[in-house]
There are 2 protein chains.
Amino acid sequence: METITENQKIKVAKKIKKMFGHVDRRNIEFCPIRDVMSLASDKWSILIILYLGYYPVLRFNKLRKHIYDISNKVLSERLKMLEGDGYISRKLFAEVPIRVEYSLTDFGHSYLQKLLELTEWAEKHKGTVISNRADYQKST
Amino acid sequence: METITENQKIKVAKKIKKMFGHVDRRNIEFCPIRDVMSLASDKWSILIILYLGYYPVLRFNKLRKHIYDISNKVLSERLKMLEGDGYISRKLFAEVPIRVEYSLTDFGHSYLQKLLELTEWAEKHKGTVISNRADYQKST
DNA sequence: ACACAAGGTATACAAATGGAAACTATTACT
DNA sequence: AGTAATAGTTTCCATTTGTATACCTTGTGT
């Protein structure tokens with residue numbers, strides 16, 4: 001694994017301070033973690049955004065097939081939330097049968113660019129997580 | 001907002017394909033999103049990792065005060081999981097009263113570097129999310 | 001003898017989340 | 001009249017997650 005220098009650690013701490021303003025401000029009116037990330041970094045949200053990053057346009061049932069474990073209810077809820085926060089757009093075509101197309105907004109694409117770095121990290125290091133987890137199991 | 005070009009979209013799609021291997025492989029043995037990120041991108045996990053990125057060493061009760069809304073049970077569970085996956089280390093000092101110090105591992109620091117880009121994005125764009133959310137409420 | 005400290009665990013309960021399956025609306029086709 | 005298709009919604013139920021509170025352990029100070 002690439003080692004992290006003391007210098008990098010200091011830079012990270014500075015970024016965190018800048019991000020949170022005053023690190024321990026309580027009753028913060030709107031917390032980027034609690035209020036933004038908790039929705040956008042949810043497992044289902046990540047999968048939806050990644051699939052819409054790969055397939056530019058997807059309809060409800062296609063999306064559900066790609067994310068092969070999600071129920072109608074949960075997919076529909078997540079799509080509404082992601083639309084509400086502006087990550088995705090929903091286009092309704094009043095045909096018969098009805099047709100609805102989902103796609104990423106520019107805002108969603110902007111998020112995806114950053115999100116992808118994290119999921120790439122996870123993909124790259126998943127082996128480490130697997131073996132850490134196994135070691136920890138044994139040690140208990 | 002900075003616009004995303006078609007070129008960037010194509011690059012992103014390629015990254016996703018590379019990351020997932022074959023995008024629609026089912027029964028994937030270990031999914032980076034479902035199995036790694038779902039733990040590490042959880043709201044509480046993010047807060048724990050960020051606070052340990054800012055304060056290099058924290059004890060249980062200090063950490064709980066910084067994250068001002070978390071119960072003993074949840075904090076203790078999350079710490080165990082994050083330790084199990086290798087993001088944080090737990091050092092026990094057999095003093096009286098007992099002392100336990102939590103800190104990030106190198107692996108945790110590596111994750112934090114990527115995570116931070118996402119949380120910075122969230123902090124930068126939280127205003128957009130607020131107004132998107134308000135508009136969506138009105139429209140329904 | 002008793003309280004206190006730290007770092008939790010245990011217990012009881014409430015609330016949120018998730019899944020399965022049935023159901024809805026619309027219109028065309030058989 | 002019955003069926004089919006799409007995009008969900010609704011209902012019921014089980015599981016998961018979270019909260020609050022009490023409790024535990026160990027040795028020291030009062």
Side-chain angles (χ1 to χ4, degrees), chain A residues 26-27 31 33-48 51-52 55 57-85 87-103 136 139-140, chain B residues 26-27 31 33-35 37-48 51-52 55 57-85 88-103 136 139-140:
Chain A
R26 220 143 283 215
N27 297 326
C31 169
I33 314 304
R34 288 169 159 85
D35 299 317
V36 180
M37 295 286 294
S38 69
L39 192 155
S41 74
D42 167 85
K43 178 178 74 174
W44 298 126
S45 299
I46 294 179
L47 287 167
I48 291 169
Y51 275 112
L52 287 177
Y55 301 102
V57 173
L58 281 172
R59 296 169 65 177
F60 189 86
N61 282 312
K62 282 275 176 194
L63 194 46
R64 207 182 46 152
K65 270 168 205 160
H66 287 306
I67 311 169
Y68 50 86
D69 251 353
I70 195 167
S71 66
N72 281 0
K73 187 186 159 194
V74 172
L75 178 55
S76 149
E77 278 171 0
R78 286 298 187 288
L79 287 171
K80 265 186 216 158
M81 291 186 204
L82 291 172
E83 191 199 356
D85 278 10
Y87 300 100
I88 66 177
S89 80
R90 179 180 186 276
K91 262 173 219 147
L92 173 79
F93 298 83
E95 305 170 353
V96 172
I98 202 172
R99 181 160 61 100
V100 178
E101 291 185 348
Y102 292 96
S103 54
Y136 191 73
S139 79
T140 54
Chain B
R26 220 145 285 214
N27 298 325
C31 170
I33 314 304
R34 288 170 159 84
D35 299 315
M37 296 287 294
S38 68
L39 192 154
S41 74
D42 168 86
K43 178 178 75 174
W44 298 125
S45 301
I46 294 179
L47 287 167
I48 291 169
Y51 275 112
L52 288 176
Y55 301 102
V57 172
L58 280 173
R59 296 169 66 178
F60 189 88
N61 283 311
K62 283 274 177 193
L63 194 47
R64 209 184 40 153
K65 270 167 206 161
H66 288 306
I67 311 168
Y68 50 85
D69 249 353
I70 195 167
S71 66
N72 281 1
K73 188 184 158 193
V74 171
L75 178 55
S76 148
E77 278 171 1
R78 287 297 189 289
L79 287 171
K80 266 186 214 158
M81 290 186 205
L82 290 172
E83 190 198 356
D85 278 10
I88 67 177
S89 81
R90 179 182 186 276
K91 262 173 220 150
L92 172 79
F93 297 85
E95 305 170 355
V96 170
I98 202 171
R99 180 160 62 99
V100 179
E101 291 186 349
Y102 292 96
S103 55
Y136 191 73
S139 78
T140 54

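We name chains A, B, ... by the order of the sequence lines, and we start the count at 1 in each one.
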Mind checking what makes side-chain hydrogen bond (donor to acceptor under 3.5 Å, both in side chains) contact with [X], not counting sequence neighbours?
| X | result |
| --- | --- |
| B:R59 | none |
| B:N72 | B:R64 |
| B:S103 | B:S89 |
| A:E77 | none |

- B:V74: partners by side chain to side chain contact (heavy atoms under 4.5 Å, CB included), with sequence neighbours left out: B:W44, B:I70, B:S71, B:R78
- Task: Could you tell me which residues satisfy side chain to side chain contact (heavy atoms under 4.5 Å, CB included) with A:K62, sequence neighbours excluded, listed by chain and number?
- Result: A:L58
- Item | Within residues 70-80 of chain B, residues whose heavy atoms come under 4.0 Å of DNA chain C | B:N72, B:K73, B:S76, B:K80
Calculate the interatomic distance between [X] atom [atom1] and [N] atom [atom2]; express it in whole Å.
| X | N | atom1 | atom2 | answer |
| --- | --- | --- | --- | --- |
| B:L63 | C:dG8 | CG | P | 10 Å |
| B:R64 | D:dA20 | CZ | C1' | 11 Å |
| B:L92 | C:dT9 | CG | P | 12 Å |
| A:E83 | D:dA7 | CD | P | 15 Å |
| A:F93 | C:dT27 | CZ | P | 18 Å |
| B:M81 | D:dT17 | CE | C1' | 10 Å |

Check nucleotides 1-7 of chain C against the protein and report each pair of N or O atoms closer than 3.5 Å, with its distance, or say if there are none.
residue : atom : partner : partner atom : Å
C:dA6   : O3'  : B:R59   : NH2          : 3.0
C:dA6   : O3'  : B:I98   : O            : 3.1
C:dG7   : OP1  : B:R59   : NE           : 2.8
C:dG7   : OP1  : B:R59   : NH2          : 3.4
C:dG7   : OP1  : B:V100  : N            : 3.1
C:dG7   : OP1  : B:V100  : O            : 3.4

- Would you name the heavy atoms of A:Y51 and A:L63 that are closest together and state the gap between them? CB-CD1, 4.0 Å
- Message: Tell me whether the rings of B:Y102 and B:F60 are parallel (<30°), tilted (30 to 60°) or perpendicular (>60°).
- Response: tilted
- Query: Which angle, to the nearest 10 degrees, lies between the helix axes at the two ends of the helix from C:dA1-D:dT30 to C:dT30-D:dA1, each defined by five pairs?
  - Reply: 40°
- Task: Apply salt bridge (charged side-chain N to carboxylate O under 4.0 Å, His left out) to A:R90 and list each qualifying residue two or more places apart in sequence or on a separate chain.
- Result: none
- Checking all strands, does A:D42 fall into the base, sugar-phosphate, or nothing category for heavy-atom contacts under 4.0 angstrom? nothing
- Task: To the nearest 0.5 angstrom, please state how far the CG atom of A:D42 sits from the OG atom of B:S41.
- Result: 7.5 Å
- Walk me through it: do B:V57 and B:K91 pass the test side-chain contact (heavy atoms from CB on, under 4.5 Å)? CA-CA 10 Å; B:V57 172; B:K91 262 173 220 150; over 6 Å; no
- Query: Taking OP1 and OP2 of C:dT17, is either one under 4.0 Å from a side-chain nitrogen or oxygen of A:W44?
  - Reply: no
